[in-house]
Undergrad: 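This is the structure, below, for whatever I ask next.
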There are 2 protein chains.
Amino acid sequence: MDLEQRLRERADVLTPSERRIGETILANSQLVAFGTVADVAEAARVGTATVVRFAVKLGFDGYSQLQASVQRDVSGQLRPAVERIRDQRSGDETLATRHADVEAANVRSTLDAIRVGDDRAVVDRLSDERFPVLVLSGVASRGVAMQFVGDLEQLRPGVRLLDGNQVDIVRTLALVGAEATLVVLDLRRYERWLIDAMELARARGAWAVAVTDNVLSPLASMAEHAFVVSAASAGPFDSHVGTLALLNLFVVEVAARRRDGAVTRLDAIEAAWVAADALTDDGK
Amino acid sequence: MDLEQRLRERADVLTPSERRIGETILANSQLVAFGTVADVAEAARVGTATVVRFAVKLGFDGYSQLQASVQRDVSGQLRPAVERIRDQRSGDETLATRHADVEAANVRSTLDAIRVGDDRAVVDRLSDERFPVLVLSGVASRGVAMQFVGDLEQLRPGVRLLDGNQVDIVRTLALVGAEATLVVLDLRRYERWLIDAMELARARGAWAVAVTDNVLSPLASMAEHAFVVSAASAGPFDSHVGTLALLNLFVVEVAARRRDGAVTRLDAIEAAWVAADALTDDGK
DNA sequence: GCTAGAGTGAAACAACCGTTTCATCGCGTG
DNA sequence: CACGCGATGAAACGGTTGTTTCACTCTAGC
């Protein structure tokens, strides 16, 4: 990836037009591999001269040399996959490649383990604004729980991550009680307070879905629906990549279900960002 | 493989020279994908006219059309896995299966995109207790950032997620300054405060690694090392599954590096859990 | 408000490309 | 041996390409 490296090094001296060229060809490298200066210029909506200047600025002699460089990168990519894999794990499998395999497998087996229709019921509940959503999580998965809450919150009101001190949690559970939808998240070596809290909520009639490591988990037995995640890791901690992939599925399906309802919310959020001028595309 | 098919169909009407052209371009399809008539002619040791006649004989209008055909074949192979999956929406493919494909591809391409040795330097820094680690994240990835901080914190002291109000952030950055290691996390539509904070830290000599969506991102240009994540999604929000997989790789590698140093910490944490009787295996 | 300078695209230009033409070669047939 | 004919490459020919020039626009700084 010679081009990417050069782009990175000189990203700060690029003009707006040149930056657009860079983004265009990063998003579509075939354009420069097969195309002419005019093709790239049109796609990036700049003049042909600017494209050539861009190539020179990156340290090439001209467009032709830039194109040759991209073609070299590309030829490597279209070598048969088997060959590439072979010389990647030359001899000993590294920690990095094992990690990649493990995480990819986590995603696959977590999502494959979903029993058809099982997610359907959950999405129905999560899409219904009448039921406030409470998320309970063990410390180990608190980050992905937050991630889930943050996304779901943008699609519907009444989503909350329950944490803080136990008094607060008990009070909240007592208040929302019967109509609450619980999403409970914890893996083996379950946290006692979490089980207690879930028990309390169940006793008050709340509807619960468990995301856990095992069908025999105490969480699973207390929940209406249970999802089993794969949390294998090449390191000392459980990986929550699979968990996040599962939670994202819920988000994606809720978004599809609530399409119109969500748009209003998303527009409001977007408008607020714009009003505050808090976001930027290029840092300038 | 349109070309192969045409070649097989008309193999019997090819002249010796034409046959040699066919063998040449089958053995090296990049030649015709990227090269000129003259290139192919030279490689097959024939004249340029023969190459053109060859293309016509296969049913193309001329060399240009033959080339276009090969390029189409080739571009299918080299488009990023995520993209290919995206428009593979073949009829009745469900949202759930597409989501599974997309998330698995996110993990794979995020981890495949790591330039060898690039992670090495980062892990060196993250493993060194002398450098406090500060994590900065946009709201959209705050959950995975927390997840990362929580895991890394168990392996070494001095890890902090920087959030809260801007005054607090500026003060913290000013205090730790030169010896800090920054991990900055944000995707397109970058948050302005984050860029500002990173600029401030860089000015004070901090060492930074960026995790972002693009080599041209303002974060990448300010960082010592930049990692590009795939965040494709079947829904409206970016997926941070790939991001989490990348951060987990850092955690796994830091754990391997610090093996002995980390054990003491993990034992202490474990002891505290046991003392508080906060964990259970079965809920009883 | 004016100016210097950077940024940009239209147009001119020379080089190269794909295509076509045409003379030559090789070879079987009358 | 002459002849016809398919095969072939050198060279000519438009067309297109990458490159360069140049005039215009926009903006920062005085």
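Below, chain A is the first sequence line, B the second, and so on; all start at residue 1.
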Undergrad: By the 4.0 Å heavy-atom rule, please label Val46(A) as base, sugar-phosphate, or nothing.
TA: sugar-phosphate
Undergrad: From the options dT21(D), dT19(D), dT19(C), select the nucleotide whose nearest atom is closest to the side chain of Tyr63(A).
TA: dT19(D)
Undergrad: Are OP1 or OP2 of dT17(D) and a side-chain N or O of Thr48(A) less than 4.0 angstrom apart?
TA: no
Undergrad: Let's see if you can work this out: which of dG7(C), dT20(D), dT19(C) has an atom nearest to the side-chain heavy atoms of Thr15(A)?
TA: dG7(C)
Undergrad: To the nearest Å, give me how far apart CD (Glu18(A)) and C1' (dT8(C)) are.
TA: 10 Å
Undergrad: Below the 4.0 Å mark, does dT8(D) have OP1 or OP2 next to a side-chain nitrogen or oxygen of Ser17(B)?
TA: yes
Undergrad: Quick one: Glu42(A) CD to dT17(D) P, roughly how many Å, whole number?
TA: 12 Å
Undergrad: Could you tell me whether the side chain of Leu126(B) reaches within less than 4.5 Å of the side chain of Val183(B), counting heavy atoms only?
TA: yes
Undergrad: Verify the neighbour count for atom CZ of Arg259(A): are there more than 12 heavy atoms of other residues, nucleotides or ligands below 6.0 Å?
TA: no
Undergrad: Nearest to the Thr36(A) side chain among dG7(C), dA11(C), dG18(D), which nucleotide is it?
TA: dG18(D)
Undergrad: Please determine whether a side-chain nitrogen or oxygen atom of Thr50(A) lies at a distance below 4.0 Å from atom OP1 or OP2 of dT8(C).
TA: no
Undergrad: Could you state the atom-to-atom distance from CD of Gln65(B) to C1' of dC17(C) in whole Å?
TA: 17 Å
Undergrad: In whole Å, I'd like the distance from the CZ atom of Arg20(A) to the C1' atom of dG7(C).
TA: 12 Å
Undergrad: Measure distances between side-chain N and O atoms of Arg53(A) and base N and O atoms of dG9(C), and say whether any donor-acceptor pair falls under 3.5 Å.
TA: yes
Undergrad: Ser64(B) side chain: which of dT19(D), dG18(C), dT21(C) is closest?
TA: dG18(C)
Undergrad: Does the salt bridge (charged side-chain N to carboxylate O under 4.0 Å, His left out) test come out yes or no for Asp73(B) and Arg6(B), once each step is laid out?
TA: CA-CA 14 Å; Asp73(B) 286 351; Arg6(B) 292 188 193 225; over 6 Å; no
Undergrad: Centre-to-centre under 6.0 Å for Phe34(B) and Phe34(A), is that the case here?
TA: yes
